[in-house]
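One-based numbering, in listed order, for ligands and for the atoms of each. Positions are given from 1, in the same order as the sequence printed here.
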Amino acid sequence: MRYDDDMDMTRPIPIPAGVGAPHGQGHRAPEVGQQRGAAPGTNQPHSMQVRGVYKSFGSSHILQGMNLDFADNAITTILGPSGTGKSVLIKHLVGLLAPDAGDVLIFGQDIWKISEAERYELRKRFGVLFQDGALFGSMNIFDNTAFPLRKHSNLSEKEVKEIVMERLKEVGLERAVKKRPNEVSGGMRKRAGFARALVLNPDIVMFDEPDSGLDPVRTSLLNDLILQMHAEHKGTYMLVTHDIRTARKVSDYVGLIWKGKVVHYGEADAAFASQDPFVRQFLSGESAGPLGMD
Ligand SMILES: Nc1ncnc2c1ncn2[C@@H]1O[C@H](COP(=O)(O)OP(=O)(O)O)[C@@H](O)[C@H]1O
Ligand SMILES: [Mg+2]
């Protein structure tokens with residue numbers, strides 16, 4: 001079966017030389033309260049840690065003592081009902097929102113205890129795919145993808161073009177470079193957003209509901225692409241979704257958010273096989289169980 005916007009998805013993807021930074025092995029995140037910073041067996045600090053983070057908007061207490069050490073060089077999926085603060089969590093991790101209390105550590109650095117200039121530097125190590133792709137409507141796919149490179153690097157236009165075309169080829173969009181976002185499908189916009197998120201060769205890539213607004217076939221193709229790109233580029237991936245199928249397909253680790261806290265974090269296989277009624281209800285999407293609506 002072929003889809004107009006997915007026609008190049010089946011061909012083999014070339015692996016560019018020299019991409020991807022070295023990372024520690026993926027591993028189970030230590031329990032809260034264990035030694036801070038260092039990943040076991042390495043001198044590298046964890047790429048992302050959230051420690052006792054609280055955030056309220058007026059009287060809405062969204063993050064209520066959230067703790068999470070993300071497994072390095074692995075894909076972590078964060079699941080939780082809508083409105084639980086998943087996007088708010090992402091904004092804390094990229095330094096767009098400051099916690100009321102608690103720490104957000106990126107590569108061991110508390111992002112709110114460093115200077116604005118240092119935070120700016122740190123952001124270059126992130127690639128973020130926001131929910132709607134967040135492309136600039138006035139720019140074509142090429143310029144959208146080139147944007148982070150033009151903004152954050154001193155590369156020549158020739159070098160920019162090489163990298164951009166490589167990433168756009170990887171996501172099967174090399175023939176759509178001249179198109180504007182509103183001239184392509186939702187699936188293509190997501191893939192363009194993904195290509196853009198990867199141009200700076202980030203150590204951390206975050207996806208906010210990459211599957212929202214996509215039909216099951218395109219969701220499945222995008223999930224394949226996420227797995228493929230992670231295998232090739234490495235890095236710590238965090239993916240927010242409420243689609244259990246997406247979580248099953250892509251996750252190395254699963255984090256469950258409930259009432260402002262991480263109530264479970266662990267290896268995906270174990271989570272999906274868990275007999276814990278709470279975890280089971282969460283991951284099966286059943287209405288009967290210990291989780292209530294309130
Ligand atoms: N900047 C903000 N100001 C006020 N309320 C906000 C802000 N950002 C998010 N919220 C509220 O926080 C809650 C969690 O939002 P969000 O993180 O977007 O949920 P989700 O888990 O669906 O991604 C929602 O009730 C939302 O209205
Ligand atoms: Mg959200």
- Take atom 27 (O) of ligand 1 and look for protein heavy atoms under 4.0 Å from it; say yes if you find one, no if not. no
- Would you verify that at least one protein heavy atom lies under 4.0 Å from atom 4 (C) of ligand 1, or report that none does?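 Yes.
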- Heteroatom test (N, O or S) for Ser87 near the Mg ion (ligand 2), limit 2.8 Å: yes
- For the ring pair Phe207 and Phe194, is the centre-to-centre distance below 6.0 Å?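 Centroid distance Phe207-Phe194: below 6.0 Å, so yes.
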- Is the ring centre of Phe107 less than 6.0 Å from the ring centre of His46? no
- Item | Side-chain donor or acceptor of Thr236 paired with backbone N/O of Ser47 under 3.5 Å | no
- Item | Lys249-Ser220 side chain donor-acceptor pair, cut-off 3.5 Å | yes
- Task: Classify the side-chain pair Ser115/Tyr120 by whether it contains a donor and acceptor separated by less than 3.5 Å.
- Result: no
- Message: Closer than 4.0 Å to some heavy atom of Ser82 - which atoms of ligand 1 meet that?
- Response: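 With Ser82 as reference, the close atoms of ligand 1 come out as 22 (O).
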- Query: By number and element, which atoms of ligand 1 are closer than 4.0 Å to a non-hydrogen atom of Val88?
  - Reply: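 By the 4.0 Å cutoff, the relevant atoms are 8 (N), 9 (C), 15 (O), 17 (O).
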- Note on the structure: Residue, atom and distance of the protein heavy atom nearest atom 1 (N) of ligand 1 read Phe57 CE2, 3.6 Å
- Task: Specify the protein heavy atom at minimum distance from atom 18 (O) of ligand 1: its residue, its atom name, and the distance to 0.1 Å.
- Result: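 Checked against all protein heavy atoms, atom 18 (O) of ligand 1 sits closest to Ser87 CB, 3.6 Å.
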- Query: Is it true that Ser60 lies under 4.0 Å from ligand 1, counting heavy atoms only?
  - Reply: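 Flag not set, Ser60 not near ligand 1.
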- Query: Can an N or O of Ile62 be found at a distance shorter than 3.5 Å from an N or O of ligand 1?
  - Reply: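 Such a contact does not occur with ligand 1.
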- Ignoring angles and geometry beyond distance, decide whether Gly83 reaches within less than 3.5 Å of ligand 1 through its nitrogen or oxygen atoms. yes
- Query: Got a second to check how far Ile106's CD1 is from Phe126's CZ, nearest 0.5 Å?
  - Reply: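 Those atoms lie 4.0 Å apart.
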- Message: Return the CD1 to NZ distance between Ile62 and Lys86, rounded to the nearest 0.5 Å.
- Response: 11.0 Å
- Message: For residues Phe136 and Val128: do they belong to one hydrophobic cluster (side chain heavy atoms under 4.5 Å, members Ile, Leu, Val, Met, Phe, Trp, Tyr)?
- Response: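 Hydrophobic grouping puts Phe136 apart from Val128.
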- Among Lys55, Lys86, Glu209, His61, which residue places a heavy atom closest to atom 21 (O) of ligand 1?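 Answer by nearest heavy atom: Lys86.
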